[in-house]
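Okay, so here's the structure we're looking at.
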Amino acid sequence: MSASRVQGIVERAEDLCRDLRLESVRRWKEQNGGLAIGFMPIWAPRELLRAQGCLPVGIMGGGEDVEIIKGDAFYQSYICHLPRSTIELALGGSLDVLDGMIFPAICDVIRNLSGIWKLRFPERLAYYFDSPQDFDPQIGGAFLRRELEEFSHALVQRGARPLETEALRESLAAYNANRARVQALYQLRRDEPWKVPTWELYLLQRAGLVAPVEEHDRMLDEYLAAIRADESRRPLDQARVVLTGSFCEQPPLGLIKTLERAGCYIVDDDFIQVGRWFKNPASLDGDPLDNLVNAFLRDSLESPTRYEEQGNKGEELVRRVADSRAEGVLFCTPSFCDPALLDQPMAVRAIEASGTPWTAFKYAENNGQFQVIREQAGTFADSIKLFSEALSP
Amino acid sequence: MTIAARKDRSQERQKQMIAEHFQRLGRARESGEKCVYTFVPGNLTELLRAFDLLPVLPEINALQSGMRGKSREYIGLAEKLGHSEDVCTYVKCDIGMLKSGNIGPTGERLPDPDLLLLSYTGCFTFLKWFELLRQEYRAPTVMLHVPYQADGQITPSQREYVVAQLKHKVIPALERVSGKKFDIDKLREQLRRSAQAEDDLVWVLQSARHRPSPIDAYFGGVYYIGPIFSAFRGTQEALEYYRELREEVAERIALGLGPVTPDGPLEREKFRVVVEGPPNWTSFREFWKMFADEGAVVVASTYTKVGGTYDLGFRHDPDRPLESLADYCLGCYTNLNLPTRVDVLCQYMDEYSADGLLVHSVKSCNSFSAGQLAMLNEVERRTGKPVGFLESDLVDPRYFSAANIKNRLESYFQMVAQKRAAAPRTEASAP
Amino acid sequence: MDLPPSQHVVGIDVGSSTVKLVLMREHEHAPAELVASKQERLRRREARKLVDDLFEALLAEAGLRRDELGYVATTGEGECASYRTGHFYGMTAHARGALFCEPKARAVIDVGALHTRAVLIDERGKVLGSRMTSQCASGSGQFLENICRYLGITLEEIGPLSLKSTKPEACSSICAVLAETDVINMVSRGIAASDIIKGIHQSMAGRYVKLLTSLGAHDVVLVTGGLACDVGLVAAMREAAAESKRPLELRVHELSPLAGAIGAALWGAYRARKLARMGVRLQESGP
Amino acid sequence: MKYSVGIDLGSTTTKAVVLNEQCAVLGRGITNSRSNYQVACEVALGEALNRARLGMIERELADAGVDVTLRQAWLADFDRRFREQQYRAQLERLAQTLERHARDERDSELVRPLVADVVERMRTETCALFAEGANRKSDFFRDLAGSRYLALAEGLADERGARFDRVAGLFDKSILEVENAAEDSERFAVFAKAALAGMEAVPSELRAALERAAAVVMEQACCVGTGYGRATLPFPKEWIRSEILCHGLGAHAMFPGTRTVLDIGGQDTKAIQVDEQGIVTSFQMNDRCAAGCGRYLGYIADEMSLGLHELGPLACKSRRQVKINSTCTVFAGAELRERLSLGDKREDILAGLHRAIILRAMSLLARSGGVRPEFTFTGGVARNAAAVEALKKLIFEHYGEMQLNISADSIYTGALGAALFAHREAQRAQAPSRLAEPARG
Ligand SMILES: Nc1ncnc2c1ncn2[C@@H]1O[C@H](COP(=O)(O)OP(=O)(O)O)[C@@H](O)[C@H]1O
Ligand SMILES: Nc1ncnc2c1ncn2[C@@H]1O[C@H](COP(=O)(O)OP(=O)(O)O)[C@@H](O)[C@H]1O
Ligand code: SF4
Ligand code: SF4
Ligand code: SF4
């Protein structure tokens, strides 16, 4: 009974994720009349968008469902897959419903994609959103505040509501609440990974990229209730692993399922980080714009695309492994992803120093062949299992 | 760094300057001179020199390793150490060199950095690169984040942000390392010399407007930009080098001579092209020769603007020292958005009466490459001139397929010739 | 409810080109021994049927019935055997099999028809790390086979011929399918077959050694998989290893091609004992 | 007679097109490329000249007032026998070479008679192979003889307890040598005579026309080479043209309205944009990886033990295509086997494979500047109906409906372009150098 309830929710989430033409966004616009603004990975000021009556829509590439016909005209083979499927979507009209696109400062590929947008769609809002690598409130903070203000202004010029303090504060609160739910699910998966398969959690998070925050909240609540009630989910003899490297271009769903089937419980990951970007609730006292800026400067998740001032690369990963009681690390990165792949040796060094086993592989969002990865992950899980003391059947 | 046929005086001088610099670096441990590692785009040479600090540019080392045939080994070593095949080979080449004893291009061991100046202009990989070096050297690191010119112009907010970082982060860090107080007048003096050298460099690059062009603005160009893009901007040596270079080029124009190629002076200029993208260093001469064999001269290139877009009007300004450093960093070629890069290319095509555009796309560099195909199509659409696309890499010889590139180049030039033959004879460019 | 001190176990390794089966007798207090084995190329036949036939033949040869087996372990694409007791992933199996062949081995390089795997192991056969070749078949066994087919050389001749080479012709990484044309080129330039083969061996060996070194392998490495039979490749790998200045000692064992099946069988036996101790009886269809 | 010739030395096949002084096509020849490029060129040219002579006969017969159906029947019959003679000559050389190699085998007492028996059976089969209406899997000796040899050898080897792979190896070794000897590239008169001898009643008009055609002296005015192997062609540089330009010009000559050309050959795929004069304005090509090229299909055909000709028609029968995930040809082969064992239908898998190739081509087309009408599809793969089907569908979906040109002779597009360049050269200069005339027998 509750098993089918879970299934129903997950299917709804999957429908939202596979809704490449963004019909749900179209419906939202018809009902609410605001602007729909797309944003690329990893982080975008969703709080600000919502406060100005806009719907933030996360675009994480086209995934496995998009056949590349024209996208390759823009990208060489040695560039990751995400931008070509994104441009394919745009050229095919799938993104027409969006009133603008945000290109956050995460890597040269997305940076240059903002330029392609400007060349190809001169009439649309293509906003390159620069976030500081200097985390001093007086310097980087001041810059970020100006960026946010400029961006807010650009939205107003496209017909959005002007930014109001109260609205922004309310928006911060709404996203705080949403993040709390996502974080609770992560916590539950950490404690009882058989209850929350990662591919389900993943789909639910992706649904949050297109759904308005309240709707997403409802979905998460329903899911949480349903899995708590579902007695059919029993623990299996699987290895606990942390997955890292998939913060931008997302792996195909089949890959996540393959990993789980090959004997891994993913107990922490870096998929779709925007929904969990601030580790703690943003403060609601004082000027909300400053609060947003400060949350960004001080409370963001670590990411290969953010400068680590203290130079302790990899420490955060080691901590995540410890916190989640993981037995191994999967470096699961998109091919040709410079930020992830250049970060990896530093992370590996730290992980090795901590004595945790790891393995690494690469994917593209449209891979359909998982044989090699299955074998690699399977072997990894085998070895954790065969050599762990508790050999429960 | 040799060009076979005839060595000009400027060439000799340049070689000597660079050799001396490396010798000085080699002696730095004994002499007590301090060095700062930093990057070519957005380098703050004047500022470093104002503190008597010596710049070390890992990118230059990497390209030199490529030219000296060392890069394959270095890259292999880095990959063995767990660096991915997919990422920028400059980084791997540098790490491999470091792991092999950090012997620089002149055989001297390079000193460890006293400071890593992570000036982060036009490329996100720089960030990772110095994070990696930081782990190796455990050296103090200072970040200078240069925002991207997303809308094709420098905004006051961006300038303010960079200047604030210079003032509150970079300069204090340099003071700490050098043990010297910041002297703005010393900086102004450097900037004044920079501006003069920049004038001469621009004159040289623009000499390619002549027919035949006295220089090759890509293969030859990379030699010309050497001093100003690396450790010498703002120095007296650089000033003299560029003056001398200018005189030589003026002489060639007067004699109606073409550029000197690896096989000697180019006899007949058959094609004039603009090139976008960095060159390949491992087969640099072979690559150049492929152009020369076809009678092709590169009359303008964007690569020679990665360390500053002087020909677009920027000059270092002693009257606005920090602001002009900020503007310099913000204005390097790879920090310009794609529409601006397209504008620049179209302008070059026109200004230098080029027959076409060739894009050389390198696997390493997303900063350059991601989007080049879109640029290519846009330039073709706007200018109606033939465009061509070549792929290889900066310093990984595995990606330089000579047969393939030659094939594409031949096809490209045959295409240009055929098109020209068919066109009503308006401006045949062969003399 | 302990198991008897000795048991028979079967390991089935279904590769992309070859099916390998072993029957082993495992003892609680003594080293296991190989009783019988079967190895046959698929040659476009359906794996399932071939595996069934070989399995029956193997049992018949040893005079055993299915229900006398302690464990039927599969690896590779072996999930097609419905009577398996359990499945182990390829590298897990090769690691254990390698130790059986060469107790000193601390790394394995398994070179098969399509994939190559480098595996780092400890003295218990635990996989400490691994690397696999990617989505391109250049430099695989299949690649070598294609070329040799074109040169008119049979599998057995490859190795000895390669050893005869005096001037190996460098070969960049080329496509397993298009290699034919490159070979045409070489032949037309008058290059001897032995030099072509050696060149290809060198390029393959270079990759494999790179896989090993990037994994941090050192000391004794066992070459397993079908290409372990290729003495030319192994020689080239030894040369490449010597060049890499790493203390890699590449060894080959006559059972190397069967290592996957052997390893699976031994892990099966281990599992069977462990489970029996915990009071679990294995049914035919697996735990 | 003076002629100009264009030679396209492709990775898999070598093509020649011969033009007369009026720029009309006299004949086309094709052979599989092999290690000796010179030989490949000579064989292709020889074939083209043979075809040219057949064309002369046809015209003579027409002039002599022989009815169309009748003369075509004569010619078809003659042609069949002519080819049979060529095959037989090759087979004999193969037999000798095999015998020589078999002698060196370790167990030669076993292998020699076995090989001799195989060859003997092949001799007996020859008639049937070239019988009227017989379905040959390829036009090339290598493929024809190879598939029969292997099939026969496998049976005999099993029977007599010999190692099949060794016997197979003998063929691979021998065929190399046989192919690289250019002996019968133009022995028109000899084969024609033998062919005539085999015909029941030889019409006197045919005999007369044949004699006259055989006597015509063919004189080469100019020769231009192109194709994958052009750099290694034994030609001076001035005679070499980029394959891109040749394909552009060839496609333009066949279909003057062409603006976009897609050429899928054996190991490269080219997308070319041309202007109204046939001049290339932009192009993209993809090489070094067999995925998405003709060899991919060849590989798959081998995997399925099908002839290349059979792939397309089979794939066209598909109702529900299977998505193929592997990008690599070799892995696609493995995937195919896996799919088959999972119970997917052959035609559905094949349809998926064809779509995979075309999808790759679509991205090249996009890179070269899109697809503009008219669109011309050339190269060997254009002979494949399923590839054409998939291409049509995708083009129409993404670039709108448009004229799609495909010619039965599309595999000769590059050679035709080269021949046109040669023709121009011949007109321009009186005496350019020539390609060595094929050996005469
Ligand atoms: N003597 C030999 N020399 C070279 N290659 C060989 C030899 N024997 C077998 N092989 C190769 O070994 C491969 C099969 O190895 P195997 O490990 O069984 O692969 P898989 O498990 O992928 O089927 C085949 O590609 C075959 O060509
Ligand atoms: N009759 C046919 N049916 C289907 N495919 C064919 C046929 N003939 C040739 N091909 C395909 O064409 C390819 C060769 O094309 P071609 O243009 O001759 O290539 P290249 O110029 O590189 O030699 C072969 O690999 C094959 O896949
Ligand atoms: S996947 Fe990596 S390289 Fe690609 S856009 Fe994302 S961060 Fe950049
Ligand atoms: S990506 Fe390009 S700009 Fe960045 S470090 Fe590498 S070569 Fe330099
Ligand atoms: S190059 Fe050849 S072997 Fe590699 S992926 Fe392409 S088809 Fe496969």
Side-chain angles (χ1 to χ4, degrees), chain A residues 18 20-21 61-94 96 112-113 116 119-120 251-258 334-336 361-376, chain D residues 260 262 269 271 273 282-289 291-292 321-339 341-342 344 349 352-372 390-400:
Chain A
R18 297 202 189 261
L20 291 173
R21 300 200 65 90
E64 57 206 302
D65 296 336
V66 177
E67 258 177 4
I68 304 298
I69 306 287
K70 293 178 178 164
D72 280 339
F74 296 81
Y75 288 100
Q76 301 88 322
S77 52
Y78 40 75
I79 287 174
C80 63
H81 201 270
L82 169 126
R84 67 192 87 221
S85 62
T86 309
I87 195 91
E88 186 77 44
L89 285 175
L91 294 173
S94 287
D96 286 355
N112 290 4
L113 184 60
I116 292 189
L119 288 170
R120 291 301 296 220
L253 196 58
L255 172 55
I256 302 177
K257 288 186 177 169
T258 299
S335 297
F336 305 109
F361 43 83
K362 294 184 285 190
Y363 62 83
E365 58 179 9
N366 67 337
N367 275 161
Q369 272 281 61
F370 306 114
Q371 239 173 340
V372 173
I373 292 180
R374 186 190 64 188
E375 178 160 347
Q376 211 179 330
Chain D
T260 302
L262 173 68
T269 303
Q273 308 287 346
S282 106
F283 65 89
Q284 283 288 333
M285 59 193 288
N286 176 13
D287 41 22
R288 293 182 71 79
C289 174
Q321 75 189 17
V322 168
K323 186 175 173 206
I324 296 297
N325 289 305
S326 308
T327 40
C328 170
T329 307
V330 180
F331 289 147
E335 193 176 343
L336 173 140
R337 267 174 284 164
E338 194 183 311
R339 284 283 178 184
S341 72
L342 287 176
D344 280 315
I349 305 173
L353 288 160
H354 282 86
R355 186 171 170 91
I357 289 203
I358 298 302
L359 275 173
R360 295 206 151 213
M362 291 302 290
S363 71
L364 277 187
L365 281 167
R367 249 179 222 186
S368 75
V371 181
R372 298 168 303 157
L391 180 68
K392 211 184 232 166
K393 186 156 175 290
L394 281 166
I395 296 279
F396 289 1
E397 254 169 48
H398 293 274
Y399 294 97

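So you know, we letter chains A, B, ... as the sequences are listed, proteins then strands, and number each from 1. Values below: all heavy atoms of this structure, side chains included; hydrogens, waters and symmetry mates excluded.
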Do A:I68 and D:L359 have side chains that approach each other closer than 4.5 Å (heavy atoms only, starting at C-beta)?
no

Heavy-atom cut-off 4.5 Å, strictly under: side chain, backbone, both or neither for D:L394 against chain A?
side chain

Output all donor-acceptor pairs under 3.5 Å across chain A and chain D; consider backbone as well as side chains.
| residue | atom | partner | partner atom | Å |
| --- | --- | --- | --- | --- |
| A:E67 | OE1 | D:R355 | NH2 | 2.6 |
| A:E67 | OE2 | D:R355 | NE | 3.0 |
| A:E67 | OE2 | D:R355 | NH2 | 2.9 |
| A:K70 | NZ | D:H398 | O | 3.2 |
| A:D72 | O | D:R367 | NE | 2.5 |
| A:D72 | O | D:R367 | NH2 | 3.1 |
| A:D72 | OD2 | D:S363 | OG | 3.1 |
| A:Y75 | O | D:R367 | NH2 | 2.2 |
| A:G368 | O | D:N325 | ND2 | 3.4 |
| A:Q369 | NE2 | D:S326 | OG | 3.0 |

